[in-house]
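Reviewing the structure listed below.
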Amino acid sequence: MTIPVITVDGPTASGKGTVASRLAQALGYHYLDSGALYRLVALDGLEQGVDPDDGAALAQLAAQLRPRFADGHVSLRGRDVTDMIRTEDVSRTASRIAVHAPVRSALLELQKAFREAPGLVADGRDMGTVVFPDAALKVFLTASVEARAERRHKQLIEKGFTASMPALLQDLRARDERDSQRATAPLKPAEDAYLLDSSTLSIDEVVQQILHWHASGTT
Ligand code: C5P
């Protein structure tokens, strides 16, 4: 029996992280936040002074990455870095280092190892196209750039940060451009993915829709 995988891919701030972890919870599946791995490599690189354009050196860091995920926290070499990998600096660097093919291949086995019984929900950019091409259900979650910027704005304000909409829009557009234009594993829906535009849907509605697709595929 192959272990079932549900992939949720999509652009930055499409809500895929929240959706994927709720799905995993609802189904009792494991959860892989693949973006966190790119963020961990970015953080490691920044702290060790590695040039974000040096794909070979970053791939070495990626190959030695032994992250520990537990109870919604992630640690690296015994240090809790859950909040550190969410800073704007790390976010921007993650999107830059993710263009390097050697970094991506160094993270491939690590990602595949998350496939454990009874099942896995994996979110990212290339889960359905590259990492789990045989996934039982593939979802490509989108939302307009304006809707995503508004969500990000709300989140930042709630956390007590200041945020400017024009800057957020510009940053999201730059990340979309880098993610979809890169040569290796660009952001694009798998041919057999269900497309879901969440611009006007709540998280709950998105989760229910995916659970419905999942149930129709397994019955
Ligand atoms: O999803 P998240 O925003 O945490 O991902 C951080 C960065 O890692 C993204 O901007 C993207 O460039 C990269 N990424 C990727 N492939 C994945 C997951 C994330 O290239 N599967």
Side-chain angles (χ1 to χ4, degrees), residues 5-24 31-46 52-53 55 58-59 61-62 65 67 69 72-74 76 81-115 120-133 135 138-143 145 148-149 151-153 155-156 168-190 193 198 203:
V5 179
I6 299 177
T7 58
V8 183
D9 287 306
T12 301
S14 57
K16 60 192 164 23
T18 313
V19 166
S21 70
R22 294 235 193 133
L23 279 172
Y31 168 53
L32 165 62
D33 168 8
S34 63
L37 302 179
Y38 290 91
R39 289 170 180 273
L40 287 165
V41 176
L43 175 68
D44 219 9
L46 284 168
D53 294 325
L58 290 161
L61 295 184
L65 206 66
F69 291 89
H73 283 253
V74 56
L76 200 57
V81 292
T82 315
D83 293 331
M84 292 181 76
I85 61 165
R86 300 286 151 198
T87 62
E88 284 306 302
D89 195 18
V90 171
S91 304
R92 217 169 301 117
T93 309
S95 135
R96 279 185 68 188
I97 62 109
V99 303
H100 303 302
V103 171
R104 306 197 70 85
S105 60
L107 291 178
L108 204 54
E109 288 313 310
L110 183 57
Q111 295 175 84
K112 290 187 181 196
F114 279 79
R115 188 174 195 163
L120 174 70
V121 183
D123 90 62
R125 305 291 187 290
D126 60 345
M127 297 296 98
T129 49
V130 176
V131 183
F132 302 108
K138 301 178 185 179
V139 179
F140 193 82
L141 193 62
T142 56
V145 70
R148 290 185 283 131
R151 286 178 197 164
R152 183 56 53 92
H153 188 259
Q155 274 173 358
L156 288 169
L168 283 173
L169 276 168
Q170 193 185 10
D171 185 55
L172 283 180
R173 287 198 176 104
R175 272 192 241 175
D176 284 357
E177 166 90 9
R178 253 196 311 267
D179 282 350
S180 47
Q181 299 304 317
R182 69 180 173 224
T184 311
L187 171 70
K188 64 161 195 236
S198 73
I203 295 282

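Read the numbers this way: they start at 1 and go in the same order the structure lists the ligands and their atoms.
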N/O contact list for ligand 1, threshold under 3.5 Å:
residue  : atom   : partner : partner atom : Å
ligand 1 : 1 (O)  : Lys16   : NZ           : 3.2
ligand 1 : 1 (O)  : Arg125  : NH1          : 2.9
ligand 1 : 3 (O)  : Arg39   : NH2          : 3.1
ligand 1 : 3 (O)  : Arg125  : NH2          : 3.4
ligand 1 : 4 (O)  : Arg39   : NE           : 2.7
ligand 1 : 4 (O)  : Arg39   : NH2          : 3.3
ligand 1 : 12 (O) : Asp179  : OD1          : 2.6
ligand 1 : 16 (N) : Arg104  : NH2          : 3.0
ligand 1 : 20 (O) : Arg104  : NH1          : 2.8
ligand 1 : 20 (O) : Arg104  : NH2          : 3.3
ligand 1 : 20 (O) : Arg182  : NH1          : 2.9
ligand 1 : 20 (O) : Arg182  : NH2          : 3.0
ligand 1 : 21 (N) : Ser34   : OG           : 3.0
ligand 1 : 21 (N) : Arg125  : N            : 3.1
ligand 1 : 21 (N) : Asp126  : OD1          : 2.9

### Query
Salt bridge or not for Arg182 and Asp126, using N-O below 4.0 Å?
no
### Summary
For Glu88, the salt bridge (Lys or Arg N to Asp or Glu O under 4.0 Å) test, sequence neighbours excluded, returns Arg175
### Query
CD1/Ile6 to CZ/Phe132 distance, rounded to the nearest 0.5 angstrom?
12.5 Å
#### Entry: Short side-chain donor-acceptor distance under 3.5 Å, Thr18 and Arg151
no
For a quick test of your reading: what N or O donor-acceptor pairs under 3.5 Å do the side chains of residues 31-42 make, sequence neighbours left out?
residue : atom : partner : partner atom : Å
Tyr31   : OH   : Asp123  : OD2          : 2.6
Asp33   : OD1  : Gly35   : N            : 3.3
Asp33   : OD1  : Ala36   : N            : 3.2
Asp33   : OD2  : Arg86   : NH2          : 3.0
Ser34   : OG   : Asp123  : O            : 2.6
Tyr38   : OH   : Arg104  : NH2          : 3.2
Arg39   : NH1  : Ile85   : O            : 2.9
Arg39   : NH1  : Ser91   : OG           : 3.0

### Query
Thr12: what forms a side-chain hydrogen bond (donor to acceptor under 3.5 Å, both in side chains) with it, not counting sequence neighbours?
Arg125
